[in-house]
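To start, the structure under review is shown below, and the notes come after it.
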Amino acid sequence: MHSLKPPLAMKRPRPPSPPPLSPASTKQTSPPPPPPLKSLHPNTPPISSKKPKSHPKWVPLNLSQTELSLPLTFPTGQTFRWKQTGPLQYTGTIGPHLLSLKHLQNGDVSYFIHFTPSESAAKLALLDFLNVSISLAKLWEVFSENDSRFAELAKYLKGARVLRQDPVECLVQFLCSSNNNIGRITKMVDFISSLGTHLGSVGGFDFHEFPSLERLSAVSEEELRQAGFGYRAKYITGTVDVLQSKPDGGAQWLLSLRKLDLQEAIDALCSLPGVGPKVAACIALFSLDQHHAIPVDTHVWQIATKYLLPELAGVRLTPKLCSRVAEAFVSKYGEYAGWAQTLLFIADLPSQKALLPSHFWDIKEKKSAKIEDSNSCNIDGNYS
């Protein structure tokens, strides 16, 4: 496969310097003003009348809509911590940084830093989070060469990008997703997020830095149950306890899974309480650089039996068949099969029908008229 990670060079524009002050007039038409008060400290500089330099608020990210579509990336099930705070605008936190992203009129993406300890660190964290070292256009060119249907869909669903999230944050979110719906998942994730440091409010939403494992270890199963987590409470507290017991720390242990083969990473994740193969694949794809991980649920199973494995249509999904589905995606799309699966998943969401010509979803609805939204992990239904 051709190189898919071209170097990215982006420089933040410097704000303009203020114009020089006009020279004072030599004529005195009125009594001169009294001299300025002397400082009580001889080394204190005089108070300046200059206004502080203004900094640009929204900064171009040098990403076109072809490389990043915010509506096709944030509200489609990868993360539950980013909120829509305006038309084509989404806000969230990355570590200690609170940022917003929005599309300009030409479709390009710009960003705004609401709070950060370091602007340069915030931008680097944002670029890493958005996986910008991977060219979506080049990926889709390869996928389209191998799949005419993908090529047709890609014309209407540009910019569906896979995020690179913090593994602890991603893991806890997907522990909340098991057999759950979007509304409840979001409330659970909001509750856990509120345990972290408050970074600010945007668009009526409060935003917090995701709590550390140390902070999460102080939360009891009973507290989570009272907050509506149900049986997932024991999975979260159990997983936090296991991670806390890791010799080098749980956060570092999770990061180390990025260096393993996919199956090794999946097996390691499945050793945690409440983590099964599908949740493990989601975590691997969305936070561990396992780009060919395929989260297989009933929704992805339906896609696979329609377009990749039609001979299995009508067959009940089993763990063994999950492996076969994943292999079929990798065989079709290669080492970045998880990115291709993400687009196909999004294309099947009811919320995206308006973006596609009628011949796409008219045919699909006739073939799957009995399939309910709640059968699959989608933006309008449940995670199963």
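As the structure is a computational prediction, the values presented were derived from the model and not from experiment.
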**Prompt:** Which heavy-atom pair separates Ala304 from Phe329 by the least distance, and what is that distance?
**Reply:** CB-CE1, 4.2 Å

**Fill in**
Nearest heavy-atom contact between Pro295 and Val300 is O-CG2, 3.3 Å

**Any donor-acceptor N or O pair under 3.5 Å, side chains Arg81, Ser193** = yes

**Asked** Taking the six-membered ring for Trp, are the ring centroids of Trp82 and Phe205 within less than 6.0 Å of each other?
**Response** no

**Request:** Flag the pair Leu61 / Asp108 as yes when at least one side-chain heavy-atom distance between them is below 4.5 Å, and no otherwise.
**Result:** no

**Asked** Between CG of Leu136 and CG of Leu68, what distance do you get to the nearest 0.5 Å?
**Response** 8.5 Å

**Prompt:** Do the ring centers of His299 and Phe345 come within less than 6.0 Å of each other?
**Reply:** yes

**Message:** Any side-chain to backbone donor/acceptor pair from Ser178 onto Leu175? Under 3.5 Å, distance only.
**Reply:** no

**Contact check, side chains of Phe80 and Cys176, non-hydrogen atoms, under 4.5 Å** = no

**Asked** At what distance, to the nearest 0.5 angstrom, does CG of Leu171 lie from SG of Cys282?
**Response** 11.5 Å

**Asked** How long is the gap from CD1 on Ile346 to OG1 on Thr76, to the nearest 0.5 Å?
**Response** 4.0 Å

**Asked** Aromatic ring centroids of Phe150 and Trp140 under 6.0 Å?
**Response** yes

**Message:** How long is the straight-line distance from NZ of Lys138 back to CD of Glu67, given to the nearest 0.5 Å?
**Reply:** 10.0 Å

**Request:** Is it possible for you to say whether Leu216 and Leu199 belong to one hydrophobic cluster, with membership spreading through side-chain heavy-atom contacts below 4.5 Å?
**Result:** no

**Request:** Could you pull out all residues at least two apart from Glu311 that satisfy salt bridge (charged side-chain N to carboxylate O under 4.0 Å, His left out)?
**Result:** Arg324

**Prompt:** Got a donor-acceptor contact below 3.5 angstrom from the Gln290 side chain to the Leu285 backbone?
**Reply:** no

**Prompt:** Has the side chain of Ser245 got a donor or acceptor atom that lies under 3.5 Å from a matching backbone atom of Val242?
**Reply:** yes

**Fill in**
To the nearest 0.5 Å, atom OG of Ser144 lies from atom CG of Leu139 at 10.5 Å

**Request:** Decide whether Val219 and Leu272 are clustered together by the hydrophobic rule: side chain heavy atoms of Ile, Leu, Val, Met, Phe, Trp, Tyr closer than 4.5 Å, transitively.
**Result:** yes

**Request:** Show your working on side chain to side chain donor-acceptor pair (under 3.5 Å) between Ser220 and Glu223 and close with a plain yes or no.
**Result:** CA-CA 5 Å; Ser220 68; Glu223 286 178 276; 3.3 Å; yes

**Request:** In sequence, state the C-alpha distance, the side-chain angles, and the governing distance for Asp206 and Lys83, and then conclude on salt bridge (Lys or Arg N to Asp or Glu O under 4.0 Å).
**Result:** CA-CA 10 Å; Asp206 287 326; Lys83 313 292 186 183; over 6 Å; no

**Message:** With a 3.5 Å distance limit and no angle check, can you tell me whether Glu264 reaches the backbone of Asp261 through a side-chain donor-acceptor pair?
**Reply:** yes

**Item:** Partners passing ring pair (Phe, Tyr, Trp, His ring centres under 6.0 Å) against Phe286 (at least two apart in sequence or in another chain)
**Value:** Phe174

**Message:** Taking side-chain contact (heavy atoms from CB on, under 4.5 Å) as the criterion, tell me which of Asp297, Leu308, Leu309 meets it with Val325.
**Reply:** Leu309

**Request:** Start with the C-alpha gap between His114 and Phe112, add the side-chain angles, then the distance that decides, and say whether ring-ring contact (aromatic ring centres under 6.0 Å, His included) holds.
**Result:** CA-CA 6 Å; His114 299 278; Phe112 177 85; 4.5 Å; yes

**Item:** Nearest-0.5 Å distance, CD of residue Gln165 to CZ of residue Phe129
**Value:** 5.5 Å

**Message:** Testing the 3.5 Å rule here: is there a donor-acceptor pair between the side chains of Ser118 and Thr116?
**Reply:** no

**Request:** For Asp147 and Tyr333, test the side chains for any donor-to-acceptor distance below 3.5 angstrom and give the result as yes or no.
**Result:** yes

**Asked** Does the side chain of Ser110 come within less than 4.5 Å of Lys102's, by heavy atoms?
**Response** yes

**Message:** Starting from Leu260, can I reach Leu262 by hopping between I/L/V/M/F/W/Y residues whose side chains sit under 4.5 Å apart?
**Reply:** no

**Request:** Verify, without hydrogens or angle tests, whether Glu209 (side chain) and His198 (backbone) share a donor-acceptor contact under 3.5 angstrom.
**Result:** no

**Message:** Is there a continuous path of hydrophobic side-chain contacts, each under 4.5 Å between heavy atoms, that joins Phe207 to Leu101?
**Reply:** no

**Prompt:** Does the Ser287 side chain pair with the main chain of Ala284, one donor and one acceptor, at a distance under 3.5 Å?
**Reply:** no

**Request:** Inspect the contact between Lys123 and Glu119 and indicate whether a charged nitrogen and a carboxylate oxygen are less than 4.0 angstrom apart.
**Result:** no

**Prompt:** Side-chain contact, heavy-atom cut-off 4.5 Å: Asp348 with Ile303?
**Reply:** yes

**Message:** When you measure from the side chain of Ser194 to the backbone of Phe191, do you find a donor-acceptor pair of N or O atoms at a distance under 3.5 Å?
**Reply:** yes

**Message:** When you measure from the side chain of Arg184 to the backbone of Asn181, do you find a donor-acceptor pair of N or O atoms at a distance under 3.5 Å?
**Reply:** no

**Main-chain N/O of Gln65 paired with Ser69 side-chain donor or acceptor, under 3.5 Å** = no

**Request:** Consider only side-chain heavy atoms of I, L, V, M, F, W and Y, link residues closer than 4.5 Å, and tell whether Leu255 and Val275 are in one cluster.
**Result:** no

**Asked** Arg164 and side-chain contact (heavy atoms from CB on, under 4.5 Å): which partner among Ile134, Val132, Leu130, Asp128?
**Response** Asp128

**Asked** Would a distance-only check, ignoring hydrogens and angles, find a side-chain to backbone donor-acceptor pair under 3.5 Å from Gln78 to Thr342?
**Response** no

